[in-house]
Amino acid sequence: MRERILLCKPKMSGREVDFIKPALADDWAVPMGPDVSAFENELGDVVGSENVVALESGTSAIHLSLILCGVKPGDEVIVQTMTFCASTNPIAYLGAIPVFVDSEKKSWNIDPDLLEETIKDRIAKTGKTPKAIITVALYGMPYQIERIMEIANRYDIPVVEDAAEGFCSRYNGQVLGTFGRFGILSFNGNKMITTSGGGALICPDKETAGKAKWYATQAREGYPYYQHEVVGYNYRLSNISACIGRAQLTVLDEHLAHHKHVQALYYELLKDVEGITMHTNPWPESDSNFWLCTATLDPDLLIKGQENAYKTIITGAVGGAAGVIHAASTATTDCQPNDNVEALRVFLDKANIEARPLWKPMHKQPVYKDAPAYVNGVSEALFKVGICLPAGPYVTDEDVRYIVDTIKNSIIP
């Protein structure tokens, strides 16, 4: 049996031990240490900011960004609906209300026109301006950040750029995460580089970065004993994780080039396959890192085994050991990918290829069923037809050709 091809398996640089050994020799196996500061400085050089705070996850970075934006219980935060739950859950952590906004067709990211309509309507309905806007670089694709910032500035709303999937993606040559008030990065095990688990918050200035670090280390007051006047969090990155991150930065350019190469190869090999369309940079200003390579399937495309789609209840996590799940009570929901997308996922899985549907829009998630949503049908339509294909640093040209051949073999003429 061929070795399984994973979506984005982390690849070590070969230098991780070189950074970890000195840290262990000097007893820096602690939550903080010199490698954390060094990692922050090196990240700053990459993104072009002197105010980067290394944290335990991208989710914690979003949480802190919203606190620093002054979000309180009952406040509203606008967020792109087509995203992973880490973009939205921190809003709920704060007792605030997510207001979901749909996507535009080209980038699959937040629709600027609908964004402005949403702001106007929320002000009219509540008498208050939303406290923040969270943009998302879906699968690494840049959003229309210049238009978004123009709208946000006009209404004086801070923008939090969730670039967790878009590390080193650029718009007009500028790194995502450096346009808005805050930028969010993730170094989870499946991202462009990894610290095993980790993230970072790009702040607008030194003072705000210092406040973020204070919140992330349990908000201790300046006394010789532990005094806390606000609730803080244990969110700082560990020194050993920072060692891994420093080593990973030495191969960042190599990883970025590889992901873009893999996407280009998929595009070349699939461009003449009727019924399958690869997602590409929609504008000259866009420079996606192609964290994952995504494609859409024509609804009329027939896939082998399609008649058996959704006949079996899922009992384990789809896509590897991604987490603990509840066993589903039914095989279907009221919003799911088309049968041919599920059939292709199963066909690829049987060929030892990991594939996944796109993120299910947050406004269709039961946990957020009561949240305000401004939709145009784009995210739901994409969810029905989209699929994610492997793109990580272990995916070879031979793997891509095997995946494409498997896709072709799955199609019923």
Side-chain angles (χ1 to χ4, degrees), residues 7-8 10 43-44 46-49 52 55 57-59 61-62 65 79-88 90 101 103-104 106-112 133-149 159-195 198-203 245 248-249 252-253 255-263 278-294 356 358-359 379 382 386 388-389 391-393:
L7 278 171
C8 195
L43 276 174
V46 170
V47 301
S49 171
V52 179
L55 301 168
S57 68
T59 309
I62 294 175
S65 74
V79 59
Q80 179 171 313
T81 188
M82 196 165 196
T83 186
F84 180 55
C85 64
S87 305
T88 61
V101 176
S103 301
E104 46 83 13
K106 288 189 176 180
S107 72
W108 303 0
N109 289 318
I110 196 166
D111 182 331
I133 297 167
I134 300 176
T135 61
V136 181
L138 194 69
Y139 303 115
M141 191 63 69
Y143 26 76
Q144 295 187 60
I145 187 59
E146 289 177 346
R147 285 201 62 205
I148 292 165
M149 290 304 301
V159 172
V160 175
E161 293 183 74
D162 182 356
E165 298 172 12
F167 183 41
C168 286
S169 293
R170 296 171 183 266
Y171 188 89
N172 257 344
Q174 185 173 333
V175 174
L176 297 188
T178 61
F179 290 85
R181 177 82 59 85
F182 295 100
I184 310 301
L185 304 178
S186 173
F187 310 118
N188 193 20
N190 62 359
K191 294 299 190 294
M192 297 301 295
I193 64 166
T194 186
T195 56
L201 179 64
I202 304 172
C203 297
Q248 286 278 290
L249 284 175
L252 171 61
D253 289 343
H255 286 191
L256 288 167
H258 178 80
H259 280 251
K260 293 179 181 183
H261 167 76
V262 167
Q263 193 277 341
M278 291 298 300
H279 192 34
T280 61
N281 280 306
W283 308 292
E285 298 88 351
S286 300
D287 181 11
S288 175
N289 64 11
F290 293 110
W291 168 57
L292 293 183
C293 294
T294 55
R356 288 188 194 173
L358 303 185
W359 299 127
S379 62
L382 287 169
C388 300
L389 300 173

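Owing to the predicted nature of the structure, the values given are computational and were not obtained by experimental measurement. In this chain, residues are counted from 1 in sequence order.
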Any chance the side chains of [X] and [Y] put a donor and an acceptor closer than 3.5 Å?
| X | Y | result |
| --- | --- | --- |
| E104 | N109 | no |
| S87 | D162 | yes |
| E161 | Y143 | yes |
| W291 | Q263 | no |

Heavy atoms, side chains only, cut-off 4.5 Å: are W283 and K106 in contact? yes

Given side chains that start at C-beta, do those of V101 and T81 come closer than 4.5 Å, heavy atoms only? no

Could you tell me which residues satisfy side-chain hydrogen bond (donor to acceptor under 3.5 Å, both in side chains) with [X], sequence neighbours excluded, listed by chain and number?
| X | value |
| --- | --- |
| W108 | none |
| D253 | none |
| D287 | K260 |

[X] side chain to [Y] main-chain N or O, any donor-acceptor pair under 3.5 Å?
| X | Y | answer |
| --- | --- | --- |
| H255 | I193 | no |
| Q248 | T194 | yes |
| H279 | T294 | no |

To check you understand the geometry: which heavy-atom pair defines the closest contact between [X] and [Y], and what is its length?
| X | Y | value |
| --- | --- | --- |
| Y139 | L358 | OH-CA, 3.2 Å |
| T195 | G245 | CG2-CA, 3.5 Å |
| C8 | L292 | CB-CD2, 4.1 Å |

Pairing residues for R147 by the salt bridge (charged side-chain N to carboxylate O under 4.0 Å, His left out) criterion, not counting sequence neighbours: D113

For residues 175-192, which side-chain N or O atoms pair as donor and acceptor with protein atoms under 3.5 Å away, sequence neighbours left out?
from: T178; atom 1: OG1; to: Q174; atom 2: NE2; distance (Å): 3.2
from: T178; atom 1: OG1; to: V175; atom 2: O; distance (Å): 2.5
from: S186; atom 1: OG; to: N188; atom 2: N; distance (Å): 3.3

Could you walk me through whether S103 and I110 pass the side chain to side chain contact (heavy atoms under 4.5 Å, CB included) test, one step at a time? CA-CA 4 Å; S103 301; I110 196 166; over 6 Å; no

For S49, all residues meeting side-chain contact (heavy atoms from CB on, under 4.5 Å), sequence neighbours excluded: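 If we apply the side-chain contact (heavy atoms from CB on, under 4.5 Å) test to S49, skipping adjacent residues, the hits are V47, N51, V52, I202.
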
For T135 and V160, what are the C-alpha separation, side-chain angles and deciding distance, and is it a side chain to side chain contact (heavy atoms under 4.5 Å, CB included)? CA-CA 6 Å; T135 61; V160 175; over 6 Å; no

